Amino acid sequence: MTKKATAAKQVGARTHCIPPMPSMTPGKLAEKAWTKEMEQQIYDSWKQNKIYSFDPKTKKKIYSIDTPPPYVNTPIHIGHATTYSLMDMFARYKRMMGYEVLFPLGLDRNGLPIEMAAEKKSGKKFTMYSREEFLELCKKVLEESSAETTDSFLRLGISFNSFEQGSGVGDVYLTDSPFYRALTQATFINMWKKGLIYEAERTNNYCPGCRTTIADSEIDYKDENSLFTDVTWKIAGSSETIVIGTTRPEFLCSCEMVIYNPEDARYKHLEGKHAIVPLYGKEVPIKAHPFAQMDKGTGLVMMCAFGDYTDIRFFRDEKLTPRISIGLDGRMNDHAGAYKGLKVKEARAKVLEDLKTAGLIVAQRQITHHTPICERSKDTIEFIGMSEFYVKQMDHKDRMRELAQKLKWYAPESKQILMDWIDSVSIDWPISRRRYYATEVPLWHCKKCREPVLPSPGKYYQPWREKCPIATCPTCSGRDFEGETRVFDTWFDSSISPLYILKWGSDTAFFTKAKPCTLRPQGKEIIRTWLYYTLLKCYHLTGECIFSDTWINYHVLDEKGVKMSKSLGNVIDPHVILEKYGAEPFRLWCAVEGNITTTDLRCSFERIEGAGKTIHKLWNVAKFVAAFPEVKGKVELLETDKWIITELDTIIHAARDGYERYDFHNPSLLLRNFLWETFASHYLELVKARAYNTEGKFRLAEQNGALHTLNYALDVILRLWSPVMPMLTSRIYTELRGKDIHSEKMVEVHGKHTTTLVGSEIAELNSTIWKAKKDKGLSLKATIKELSLPEKFKTIEKDLTAAHGVEKIEWTKEFGIKIA
RNA sequence: GGGCCUAUAGUUUAGCGGUUAUAACGUCUCGCUUACACCGAGAAGGUCACCGGUUCGAAUCCGGUUGGGCCCACCA
């Protein structure tokens with residue numbers, strides 16, 4: 001039977017006043033308990049039969065999830081395992097709601113983490129290889145780790161459309177595949193033609209050791225001792241001197257201005273005068289500027305190109321021309337005059353020595369300061385002007401704010417993180433890098449006129465090793481070209497994932513049908529990068545907001561609330577969880593433990609194991625229900641049955657309401673509590689005697705009512721929980737109903753019954769009777785001679801009598817119990 | 001240093017203006033009762049981080065302090 005036919009039949013059947021009674025035979029669920037060993041057969045069959053594959057020709061509404069492609073250089077960590085399990089719940093729920101769900105797995109294989117892994121493995125820096133050799137080394141590292149990542153997701157029961165790599169909709173994709181890289185390059189070409197990308201010389205973080213521009217995210221900080229030196233300066237055309245403190249005296253040659261705070265009365269008379277740079281004799285203007293803080297040093301600051309980020313901003317604001325004195329080799333250049341050729345630290349020592357000789361040093365003291373260093377080579381970061389490509393974003397901040405407002409945020413509080421980031425964006429987005437394992441900038445330069453020449457989009461280009469596909473330069477008709485050697489920042493690749501999965505640029509009909517992408521799930525720490533850049537780039541390319549929803553997750557910490565790290569030894573490896581407990585207890589833990597969209601989750605083996613108890617409970621409830629024969633003949637519901645059906649209605653309503661808001665936490669807590677405390681402890685105990693009906697106290701129709709309701713309740717619990725525990729519920733449902741639970745529709749509220757019974761009152765009544773027996777040292781099977789009960793329980797008299805072994809019930813206002 | 005988020009039993013959580021604050025895990029006591037000992041029945045355990053305010057009334061709203069998380073920055 002097809003999925004659709006099964007689902008339709010099920011829905012059609014659920015319209016009578018009495019819920020349908022599925023047929024079943026005794027002796028099902030023979031195993032004593034659910035075990036992790038049962039999982040493999042299930043996920044293997046899912047993979048083999050491709051039951052979650054995506055049908056691009058579907059007539060259903062499309063629900064798409066832009067999954068965050070994990071880096072494959074390391075095995076998946078607990079955060080991946082948790083968030084992907086939750087995303088899988090979203091996907092499974094939406095399938096049951098009738099959507100065609102696009103849920104692909106992507107693997108991020110571009111950029112620095114891969115290069116670092118390759119360097120670590122070989123023990124050599126990338127600069128020590130030829131470009132070709134290094135790319136080969138990266139590929140080798142990647143091949144070893146990608147299979148492991150995919151396998152972990154399979155074992156977790158994640159219902160990706162496919163576990164095979166390919167270029168079709170829903171296939172596993174790699175961000176370094178020719179398909180993906182061709183798309184990345186096409187977006188560059190498209191935006192270049194629209195004038196949204198330009199090249200400019202600006203200051204960047206530069207690591208002299210690695211000889212490359214590096215991203216802010218590649219910077220570490222270290223507390224370093226340094227010498228703070230007060231130096232005497234002369235004022236031009238006057239005998240007056242001033243004293244300026246500095247930790248970077250080697251930058252004297254790059255000084256373009258001296259500033260003081262506008263409020264600083266000590267220096268107001270210097271406005272408009274010029275200071276003479278010691279050792280160089282160059283005159284620079286003195287100006288009031290709020291960057292200078294009166295209480296720091298002498299209150300005077302020499303502004304040089306460039307000591308830190310403030311300097312960079314200052315030069316930009318003041319429109320000063322920076323004369324950068326450090327070369328790409330990390331040594332002083334022509335601007336440094338006599339110090340040319342010295343390394344930065346050597347130059348600093350020599351400058352200090354010369355200042356001392358000239359008698360210009362007033363005071364010196366040791367200070368420590370937080371210094372930016374390269375996370376790889378540990379060299380001090382320098383700020384050097386280099387030519388890079390930029391994507392325009394400063395002109396589009398208002399539009400970005402609108403897009404942020406348009407998105408539906410789960411949780412809503414997370415929106416503020418993006419709004420704050422947009423406010424703080426102060427320069428356009430630099431997208432080029434001087435690295436190897438990344439998508440190449442698709443561009444050649446005409447050797448004659450130096451103008452850039454761009455190829456047509458649609459193919460993957462490697463300009464550093466390929467001939468230019470354009471024969472003549474459109475500007476000057478030159479015929480010789482030089483391939484661009486730079487590559488893209490990783491975010492330039494990852495920010496088109498929704499376009500890639502929806503086939504923008506390659507299947508316009510499908511893209512038009514499927515857009516916008518429904519959900520972007522991701523970590524809160526990459527809102528300012530992944531989410532922001534994706535919204536920006538997709539807006540530049542499509543003019544629209546590419547997502548309708550975004551689900552932002554916090555983090556998984558260790559049991560004490562501390563971030564997991566190798567050095568602390570508190571890492572919980574998902575593979576160990578899978579080996580010890582299997583996927584199902586872990587998945588239930590993911591839902592039950594907490595709400596990861598508002599707080600960090602603390603993880604421990606103990607609590608995952610604890611979650612597993614509910615699986616055992618559900619298995620046994622199912623086993624109990626499965627042990628009874630098929631219902632034949634008339635079904636008559638008693639008040640107890642109607643009561644549990646109304647309780648279930650409350651659960652169904654709350655669960656579906658939660659699921660719609662990506663909340664699987666609260667519904668799972670409700671379900672767990674219902675299963676143990678309401679269904680197993682009270683309903684099941686009350687109707688057990690009727691279900692067995694060994695003494696024939698009940699009519700057949702009444703007995704059928706109990707059996708029928710037991711089955712209905714189990715059905716509801718299984719279906720509501722099937723997105724959370726897909727393997728367990730699938731196994732039970734297949735055995736009891738002979739159908740795949742994941743092809744069924746989500747349960748609807750029954751809504752046909754009302755009751756005067758209150759769950760808490762039934763629980764209290766049962767407890768009181770059990771306690772009374774226990775206090776007398778009697779077995780729970782012991783007979784009660786006489787029970788006096790309030791009238792309100794009269795509707796369940798037959799079940800009460802049978803369940804508690806009561807000989808006579810007297811209806812009064814008071815509760816009383818007389819035991820034989 | 002700044003912004004945002006967060007703080008409830010030993011642990012993890014529910015509650016988000018209204019009677020003695022929810023549940024689970026763990027702990028303790030008793031019990032093999034034919035779905036389940038991965039169980040059942042019970043018990044102990046909380047000045048709801050701290051200080052102040054609004055209110056007839058605050059775990060819940062507001063301000064501040066402290067601890068934790070994420071991000072940004074500082075470094076003359």
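Here the structure is a predicted model, which means the values were calculated and not measured. A, B, ... follow the sequence lines: proteins, then strands. Residue 1 opens every chain.
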What heavy-atom pair brings A:Tyr280 and A:Leu252 nearest, and what distance separates the two atoms? CE1-CB, 3.9 Å
Would you mind checking if [Y] and [X] are paired as a salt bridge, meaning a charged N to carboxylate O distance below 4.0 Å?
X: A:Glu31; Y: A:Arg731; value: yes
X: A:Arg528; Y: A:Asp420; value: no
X: A:Lys623; Y: A:Glu735; value: no

Between A:Ile259 and A:His682, just flag the one whose closest nucleotide in RNA chain B comes earlier from the 5' side. A:His682
Using heavy atoms to find the nearest nucleotide of RNA chain B for A:Thr768 and A:Gly245 separately, return the residue whose nucleotide is more 5′. A:Thr768
If you define the side chain from C-beta out and look only at heavy atoms, does anything of A:Val621 sit under 4.5 Å from A:Ile717? no
Quick one: does A:Lys36's side chain get under 4.5 Å of A:Glu579's, heavy atoms only? no
Rounded distance in Å - [atom1] ([X]) to [atom2] ([N]):
X: A:Arg672; N: B:A24; atom1: CZ; atom2: C1'; answer: 4 Å
X: A:Asp423; N: B:G2; atom1: CG; atom2: C1'; answer: 13 Å
X: A:Asn595; N: B:A7; atom1: CG; atom2: P; answer: 11 Å
X: A:Glu606; N: B:U27; atom1: CD; atom2: C1'; answer: 11 Å
X: A:Leu418; N: B:C5; atom1: CG; atom2: P; answer: 14 Å
X: A:Lys623; N: B:U34; atom1: NZ; atom2: P; answer: 14 Å
X: A:Lys773; N: B:G42; atom1: NZ; atom2: P; answer: 13 Å

Does [X] reach a base, just sugar-phosphate, or nothing at all? Heavy atoms under 4.0 Å.
X: A:Leu684; value: base
X: A:Asn666; value: sugar-phosphate
X: A:Ala611; value: nothing
X: A:Thr598; value: sugar-phosphate
X: A:Gly594; value: nothing
X: A:Glu677; value: sugar-phosphate

Where does the angle between the aromatic ring planes of A:Phe674 and A:Phe679 fall among parallel (under 30°), tilted (30 to 60°) and perpendicular (over 60°)? parallel
Just say parallel, tilted or perpendicular for the rings of A:Trp491 and A:Tyr533, cut-offs at 30° and 60°. tilted
Give a yes-or-no answer on whether the side chains of [X] and [Y] include a donor-acceptor pair shorter than 3.5 Å.
X: A:Gln393; Y: A:Tyr532; result: yes
X: A:Ser325; Y: A:Ser254; result: yes
X: A:Thr640; Y: A:Asp799; result: yes

Dump every N/O contact between nucleotides 37-39 of chain B and the protein below 3.5 Å, one line per pair.
{"residue": "B:A37", "atom": "OP1", "partner": "A:Lys32", "partner atom": "NZ", "Å": "3.2"}
{"residue": "B:C39", "atom": "O3'", "partner": "A:Lys617", "partner atom": "NZ", "Å": "3.3"}

Look at the side-chain N and O atoms of A:Ser767 and state whether any lies under 4.0 Å from the OP1 or OP2 oxygen of B:G42. yes
The contact string for nucleotides 67-72 of chain B, one letter per nucleotide 5' to 3', using protein heavy atoms under 4.0 Å with B, S and - for base, sugar-phosphate only and none, comes out as --BSSS
Rounded [atom1] spacing from [N] to [M] in Å:
N: B:G15; M: B:C61; atom1: P; value: 12 Å
N: B:U55; M: B:G2; atom1: P; value: 31 Å
N: B:G40; M: B:A23; atom1: P; value: 15 Å

Closest to the side chain of A:Gln416, out of B:C4, B:A14, B:C36, is B:C4
Verify whether the ring centers belonging to A:His616 and A:Trp676 lie closer than 6.0 Å. no
Determine whether the aromatic ring centres of A:Phe383 and A:Tyr206 lie less than 6.0 Å apart. no
Using both pair distances under 3.5 Å as the test, note the stems of at least 3 consecutive Watson-Crick or G-U pairs that include RNA chain B. B:1-7 with B:66-72, B:10-12 with B:23-25, B:27-31 with B:39-43, B:49-53 with B:61-65
